[in-house]
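What follows is one structure encoded as structure tokens, with my remarks underneath.
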Amino acid sequence: MLDLKLIRSDPELVREGLRRRGAQAESALDRLLELDRQRREILVEVEERRGLRNVVSEQIAQFKRDKMDATAKIEAMRDVGDEIKRLEAGLKEVEALLEEELLQVPNLADPTAPEGGEEDSVVLHQWGTPREFAFSPLDHLDLAAPHDLIDMERGARTSGSRFAYLKGDLVFLQFALVQFALQKLASKGFRPVVVPVLVRDEAMYGTGFFPTDMQQVYRVEADGLNLVGTSEVPLAALHMDEILDEAELPLRYVGYSSCFRREAGAAGKDTRGIFRVHQFDKVEMFSFCAPDRSAEEHDFMRSIEEEVLQDLGLPYRAVNIAAGDLGASAAKKYDLEAWLPTQQRYREVTSCSNCTDYQARRLKVRGKGEKGGAYLLHTLNGTVVALGRTMIAIMENYQTEEGLIAAPLVLRPFLPAGMNTLGR
RNA sequence: GGAGGGGUGGCGGAGUCCGGUUGAACGCACCGGUCUUGAAAACCGGCAGGCCGCAAGGUCUCAUGGGUUCGAAUCCCAUCCCCUCCGCCA
């Protein structure tokens with residue numbers, strides 16, 4: 001959510017910011033300004049009358065204490081009370097419209113986010129060299145098949161398309177990655193958390209997934225809960241409505257959870273294997289930090305993501321996502337894309353976003369120091385390891401001519417003793 | 001799921017029966033000061049947040065949303081959450 005005061009005081013700045021996000025975002029601005037004007041107009045009237053009521057109520061109380069007759073005053077206030085009620089109803093209506101409008105406006109893009117849309121993201125750098133294969137490499141499904149590591153058919157039978165059973169050594173690989181990631185992050189000051197994956201609407205609105213991405217979310221209607229698409233949601237909501245001591249900042253967490261996405265609108269896209277599925281597990285980092293430190297925290301997160309891919313020996317490139325392609329909450333986003341030999345291109349495996357105060361404003365997460373005065377924090381989130389996609393990258397990049405998969409060295413301490421290759 | 005009890009400031013905890021100078025006693029924590037070589041103790045002072053406003057100031061908030069009333073932390077209704085007991089259960 002954007003700051004209404006900023007919208008009011010510098011509409012042109014906001015207009016330009018929204019233009020960079022895409023035209024439809026910009027059109028809301030004039031409606032916002034008008035609703036805000038209306039709100040303040042009514043507010044002044046309501047407050048005037050409430051002030052009067054407070055003063056007279058006080059007098060009535062005094063009269064009663066003095067055992068004097070207050071009937072005349074009470075009589076006079078009856079109309080004022082009704083009028084307040086009427087005005088309050090109008091105010092509520094305008095505020096509801098304003099809120100609805102405001103919830104849909106995305107965050108302003110950071111000046112350093114590239115101009116443009118999906119095609120205009122900028123490659124910052126790349127690391128590693130795609131491996132030259134002396135044989136023709138198999139994709140993850142073909143590699144999995146002889147060892148029965150991924151069972152799409154039965155996944156579909158049980159749950160539908162885009163669901164899978166992961167089996168055997170792949171399960172060991174997944175948990176080795178989790179353990180590797182958690183230990184690395186813990187050593188960097190991120191507190192491990194296993195989060196609730198069913199959350200209330202508040203958490204979805206608070207993180208900016210509602211209302212914009214509602215169609216991507218599995219909803220458990222009977223209980224009014226939602227399955228999260230990332231542990232970013234429960235991690236962000238962890239400090240909802242709190243005022244944090246600024247001495248504790250940045251407050252860093254690393255969450256582990258299953259993630260659920262409906263993938264609405266992705267029909268026909270990435271239909272092979274587990275690259276794009278409705279359910280996957282992910283290790284995610286999250287940080288609450290002081291507003292003037294978030295840019296630096298963002299780069300720190302990206303460096304961690306890069307370190308993970310480097311440790312795993314996966315060639316990748318880092319991309320600065322263009323303004324028009326950012327999620328609703330993000331002001332700036334980096335993606336890391338790992339090389340997939342069978343697709344002969346880099347595909348997104350991790351991503352980290354600086355949401356500035358956008359989520360904090362919705363969730364009411366603030367900081368406060370010795371000097372007093374609460375202020376909104378900045379929130380950042382980043383993937384440490386998206387298990388499915390990372391395992392695809394490992395399988396493809398580490399395959400042998402015999403159709404086996406070598407285990408990355410850094411993971412071996414976390415695999416069953418002696419398991420140096422996967423798939424037997 | 002059934003029966004009770006409860007949600008007040010950073011924390012603890014009054015106030016709710018009997019509605020009115022209570023945005024909220026008191027204590028702890030924290031910040032500033034006096035004293036001290038320094039610290040502790042003692043003493044003095046400060047210490048919620050939102051909204052409107054250039055400001056002065058006003059207004060709102062005692063889980064949330066409605067209602068009653070001239071006036072609600074206090075009364076009524078609904079919702080959410082927490083605790084205890086019973087039942088069920090990984």
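At a threshold of 4.0 Å, the pair R39(A)-E95(A) counts as salt-bridged, since one of the basic side-chain nitrogens sits closer than that to a carboxylate oxygen.
Counting heavy atoms of neighbouring residues, nucleotides and ligands inside a 6.0 Å radius, atom CZ of F172(A) does not exceed 12 of them. Around CZ of R8(A), the count of heavy atoms belonging to other residues, nucleotides or ligands within 6.0 Å exceeds 12.
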(request) Report the secondary structure of RNA chain B in dot-bracket form, marking unpaired bases with a dot and bases paired to a different strand with |, and treating Watson-Crick or G-U pairs with both distances under 3.5 Å as paired. (result) ((((((((.[[[..)....(.....]]].(((((.......))))).(((((....))))).[[[[[..)....]]]]])))))))....
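Checking side-chain atoms of H378(A) against main-chain N and O of R293(A) turns up no donor-acceptor pair under 3.5 Å.
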(request) Scan nucleotides 67-78 of chain B nucleotide by nucleotide, 5' to 3', and note B when protein non-hydrogen atoms come under 4.0 Å of the base, S if they reach only the sugar-phosphate, - if neither. (result) -S-BS-------
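Protein atom CD of E48(A) is 16 Å distant from nucleotide atom P of rC52(B), rounded to whole Å. When the P atom of rU61(B) is taken as reference, atom NZ of K364(A) falls 16 Å away, rounded to whole Å.
Contact check, K92(A) against rG65(B): no side-chain N or O comes under 4.0 Å of OP1 or OP2. Not one side-chain nitrogen or oxygen of R39(A) sits closer than 4.0 Å to the OP1 or OP2 atom of rC51(B). Residue R200(A) places at least one side-chain N or O closer than 4.0 Å to OP1 or OP2 of rC81(B).
Contact annotation for R8(A): backbone-only contact, meaning every heavy-atom pair under 4.0 Å involves sugar-phosphate atoms and none involves a base.
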